[in-house]
Amino acid sequence: MRSERINSLIEQYRPGYGLPAGFYTDPEILAADIDVLTPLWYIVGHTSQIPDPGDTKVVSLFGESVIVVRGSDGLVRAFYNVCSHRASRICDESAKGLRQFTCPYHNWSYSLEGKVKSKRLEVIYDASFDPDAHNLRPCHLRILEGLILLSVSDTPTDFDAAYQPFEELLRFYGLAAAKVIRVHGFTATANWKTLVENTIDPYHVPVVHPNFTKTRTPAYWQAAASTRTADVIAAATQAEQEMKEWEAALTQLPNVTGVVVQDGEHDEHFRWLVRGPLTPGFQSETIGGKRVAPLMGRFTESDEASVFSNLNPLDSLFMSPDHATIFNIRPLAHDQIYWETIWLVDRDAQEGQDYDIDEVCEFYNEVNEEDFPIWEWTYQGATSRAYRPGRLAPQESFIGEFQRWYVRRLRQQVHTPEPASA
Ligand code: FES
Ligand code: FE
């Protein structure tokens, strides 16, 4: 039944246009979407949030609750937050300095390494009880320069192959030696694809985000905002030329400039990683371009550039020489998303002395507030009887790429053959 509905939507999809409404509004689409998304890896935090043994972070990913914990040996592990006895949730919230996990239902306990160890077991069970069969179930976890990533699939994608190209830049920006200074989350009434399509859309930026627009040179935005194809091509050519001149002038990072990764519809993860110049004189991606925290990583001065990246369709990482910002889209229902923003600065920076939290967070707080109504209005539009998939502009070609990536993966889920021409 599910595949019939999805097949009908796939048949209605026309590349170059928006998705048919049901891809956003049909309650049945979420289960298929989760099947598409779960094999990938998602950012759930940073190691600075659990610095000491026994520190835990309870996170939620595609309906699964997972405990991320630093063990007595200092290693970070992840376990499904499900008791091996009768399945109660074990940890309700993140905590500091736990010695063990204790289930609130019948007090079974587990070591920080996930081994069942309660004395109650010895009293109640006979020799046939196999403790090893009752340890906590581990969840796939990897650390990427301090970023904690999870996959809640039994067969996740190849992490090393996916993120090795990110390592050099993340290391240069000192992400492993950063600390989280603020996490801000809120929900919106929208489908997750509404948000993905917004986050990779340069066409709306000069219209919706005036301060963001000022952080890039006019040619960059002329390419996004022009209404005539010839102007778009001319502005894009000029922006490309400016990028080349900037790369040639760089001495600090000779090998990691420009477009490092740009996945398309045929790639597994839909990643992208781009390093490009800010407006001349802008030290950081902030309102007015001033630096708001000490330089991170290997920077000795700002090189007036920033990094934009996506590790998957839902998780973005933007980095300036003095701070980094992570954005996570988490689908809660077909019509509800959780949007989380995480800000990081160098771990040695002192609040109040070296940086002001509100000042660091001001820029992307404003961008979030500007985008929020757009997400909800766009979703409401998709639920209207008047909705028709609109034609994508040339500057929205990356949205078209994402939609083809998504539909291709959905086809694989429901085993629908590709059309001959695809
Ligand atoms: Fe956890 Fe019984 S369900 S101890
Ligand atoms: Fe936006």
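In this text the structure is predicted, and so the values were computed from the model without any measurement. Here, residue 1 is the first one in the sequence, and each next residue gets the next number. Numbering of ligands and ligand atoms starts at 1, following listing order.
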For the residue pair Asn211 / Glu366, report whether a side-chain donor-acceptor contact shorter than 3.5 Å exists. yes
Modelled atom types, side-chain donor and acceptor of Thr378 and Asn198, under 3.5 Å: no
Would the Phe402 and Phe270 ring centres measure less than 6.0 Å apart? yes
Taking side chain to side chain contact (heavy atoms under 4.5 Å, CB included) as the definition, give me every residue that meets it alongside Asn328, ordered by chain and number, with sequence neighbours left out. Ile43, Asp315, Ile326, Arg330, Glu340, Ile342
Taking side chain to side chain contact (heavy atoms under 4.5 Å, CB included) as the test, write out the residues that go with Asp33, two or more places apart. Ile29, Trp192, Lys193, Tyr406, Leu410
State the count of protein N/O/S atoms located less than 2.8 Å away from atom 2 (Fe) of ligand 1. 2
Verify, without hydrogens or angle tests, whether Arg137 (side chain) and Val82 (backbone) share a donor-acceptor contact under 3.5 angstrom. no
Test item: Thr213 side-chain N/O and His209 main-chain N/O as donor-acceptor pair under 3.5 Å: yes
Asp346 and Leu295, any side-chain heavy atoms less than 4.5 Å apart: no
With a cut-off of 2.8 Å, which protein N/O/S atoms are close to the Fe ion (ligand 2), if we only count those under it? His204 NE2, His209 NE2, Asp371 OD1, Asp371 OD2
Scan Arg275, Arg298, Glu145 and name whichever one has a side-chain hydrogen bond (donor to acceptor under 3.5 Å, both in side chains) with Tyr173. Arg275
